[in-house]
Amino acid sequence: MTTTAARTPDRLATGHRRLLEQLRADGVRHLFGNPGSSEEGLLDEVARFPDIDYVLGLQEAAVVCTADGYAQATGRPSVVLLHSGVGLGNAVGSLYHALRRQTPMLVLAGEAGVAYDALEAHMAVNLVDIARPVTKYAARVTHPASLLRLIRRALKVAATPPRGPVFLALPQDVLDQLADEPIVPTVVPDTRVVPEKGSIQAAARLFAAAQAPVILAGDGIAASGGAEELVRFAETWGATVHGAMASELVMPWTHPLWGGLTGHMFGTDSAALVAQADAVLICGTYVFPDVFPELGDVFRPGATVVHVDLDPYAIAKNHPVTAGLLGDPRLTLRALTGALDEAMTGPQRQTAAERVRRHGARRTAALDQARTADLAHAGDTPLGMAAVAACLAGLLPDDAIIFDEALTNSPALTRWLPPSRPGHFFQTPGGTLGVGIPGAIGAKLAHPGRTVLGFTGDGGGMYTCQALWTAAHHRIAAKFVVCHNGGYQLLKDNLARYRQDPADTTFPEFFDVREPRVDYVALAAALGVPAARVEHAADLPGTLRTMLDHDGPYLVEAVLGH
């Protein structure tokens, strides 16, 4: 009798079952996937686990973005099951998005087996090499005795700051074998550390005399739950706050000190935000996340720059800093606030309070002016995004969750629906199109009792429109607004900047998507989601109310001007 045969009956299970038992022990209740032949055994076993819901998608890019929205909304790793190299290949763009926004996610891909490596069989490819550039960790299971060990390792890495997607290749012949590793919940290390007191006090002394302070805040603050601490520190210091690669709420956009997001295309835009600052705090991000970054010095000579992050690689990654502090953003900001309050003199506190007042007054005036202009054109045809957003502002409940991929229409959207609550607003930072529809579906799956509204463009929506079928199939009642302007407006805006010639207003004809026009109402209906088109301001209240009241997923195609 072999050692394995002598085991107790509950340990006599194949890797397929043991893998799912490990996921169950870690609280996984949803498995996002598109099925394929190289993971048949695992798919067969999933059907025997009624407490793990297989969320079926029709295309892998949409599947990963749905899992991404779910992970963002829960703060816990989502789990994706893909099919071999073709499935993983389809998902790479979405994985890049997840990597950039540091989404905790475990991606599994089935393959035929280790035994077939030498044969270069049909669909055989090095999955780990495909996944490695777009994941935080990538490995292949090659022995049943280490299957669960690697699952736990991957989940731990995914959930440990800086969080991110991880990948495991699962050869079917390995999972076909008996696996008897013990099942224990994955332990994620507690990284809520704070720099030692002397370093905090030294940074506070550097900050105390600042006359033009700026804060660059990233998603690391949201991941640590540090939005309130950022507000208190900014108010104490009297500093303007800009979101850098911030795809979640790091500070209420209604706050007087919120200065908006940094640029993401041209480094000159981002550099301009700190050009006059005599002191800068970078927290929970790296500097600067632009497509065409500034290569020279971005901070003014002599400026104090302090960088706080849990990721040592991010600190001083691209530009020199005065001090780097490895620490949890929430705890470190709390400590810095106390130390700064002690370090500042009475006149310095008064000066900081005056900065808060001045910036708030300027921001209120600018917002009022923009909204007044919006209202002046609210009845125009074709519609403007501001009219849609202003109407929604009067209809949505206070706890609605917004997944914003409106891109060029995002400024108008957030003027009327400004993010104000952590966990209720998500964007795309990675440059991957098509995250809005599936992201909203994932968020709604995480919070079925809340209104979830996803925005996308008529270009971006085509990348993952298959996700609408998933919403219909699983009865996930997310709502969607397609901002339909007939083309790739973002490309036009960026090309205009790139040319640096305001007089040239011509664009390549392939920047337009008009012939034929994409009919999103028909497309949604074909995928099982009812939809309506709105072209006139007078029709907005009725159309949007119908969408929000509908018991199930619903899409509105808003026909907008350029």
Under 3.5 Å, which donor-acceptor pairs do the side chains of residues 403-410 form with other protein atoms, sequence neighbours left out?
| unit_1 | atom_1 | unit_2 | atom_2 | d |
| --- | --- | --- | --- | --- |
| Asp404 | OD1 | Ala406 | N | 2.8 |
| Asp404 | OD1 | Ser410 | OG | 3.0 |
| Asp404 | OD2 | Ser410 | OG | 2.9 |
| Asp404 | OD2 | Gln427 | NE2 | 2.7 |
| Glu405 | OE1 | Val435 | N | 3.3 |
| Glu405 | OE1 | Gly436 | N | 2.9 |
| Glu405 | OE1 | Thr456 | OG1 | 2.9 |
| Glu405 | OE2 | Gly434 | N | 2.6 |
| Glu405 | OE2 | Val435 | N | 3.4 |
| Ser410 | OG | Leu407 | N | 3.0 |
| Ser410 | OG | Leu407 | O | 3.3 |

Under the ring pair (Phe, Tyr, Trp, His ring centres under 6.0 Å) rule, what pairs show up with a residue in residues 432-471, not counting sequence neighbours? Trp469-His473
Can you list everything that forms a side chain to side chain donor-acceptor pair (under 3.5 Å) with Asn34? Sequence neighbours excluded, please. none
Whether Arg497 engages the ring of Phe266 as a cation-pi pair (distance to the six-membered ring centre under 6.0 angstrom, angle to the ring normal within 45°) should be assessed. yes
Scan [range] for pairs that pass salt bridge (Lys or Arg N to Asp or Glu O under 4.0 Å), counting only residues two or more places apart or in two chains.
| range | result |
| --- | --- |
| residues 52-65 | none |
| residues 117-129 | Asp117-Arg140, Asp129-Arg132 |
| residues 150-172 | none |

For [X], enumerate each residue passing the ring-ring contact (aromatic ring centres under 6.0 Å, His included) test, keeping only those at least two apart in sequence or located in another chain.
| X | value |
| --- | --- |
| Tyr554 | His550 |
| His30 | Tyr70 |
| Tyr137 | none |

Asp309 side chain to Ile315 main-chain N or O, any donor-acceptor pair under 3.5 Å? no
Under 3.5 Å, which donor-acceptor pairs link side chains of residues 39-47 to any protein atom two or more places apart or in another chain?
| unit_1 | atom_1 | unit_2 | atom_2 | d |
| --- | --- | --- | --- | --- |
| Glu39 | OE1 | His83 | ND1 | 3.4 |
| Glu39 | OE2 | Gly36 | N | 2.8 |
| Asp44 | OD2 | Arg48 | NH1 | 3.4 |
| Asp44 | OD2 | Arg48 | NH2 | 3.2 |

For the residue pair Tyr488 and Phe511, is the inter-centroid distance of their aromatic rings smaller than 6.0 Å? no
Tell me every residue that passes salt bridge (Lys or Arg N to Asp or Glu O under 4.0 Å) with Asp51, counting only those two or more places apart in sequence or in another chain. Arg24
Name all residues meeting the salt bridge (Lys or Arg N to Asp or Glu O under 4.0 Å) criterion together with Asp328; count only those two or more places apart in sequence or in a different chain, and write none if there are none. Arg192
Sidechain N-carboxylate O distance under 4.0 Å for Arg101, Glu248: yes
State which residue, out of Val80, Val79, Leu88, fulfils the side-chain contact (heavy atoms from CB on, under 4.5 Å) condition with Leu108. Val79
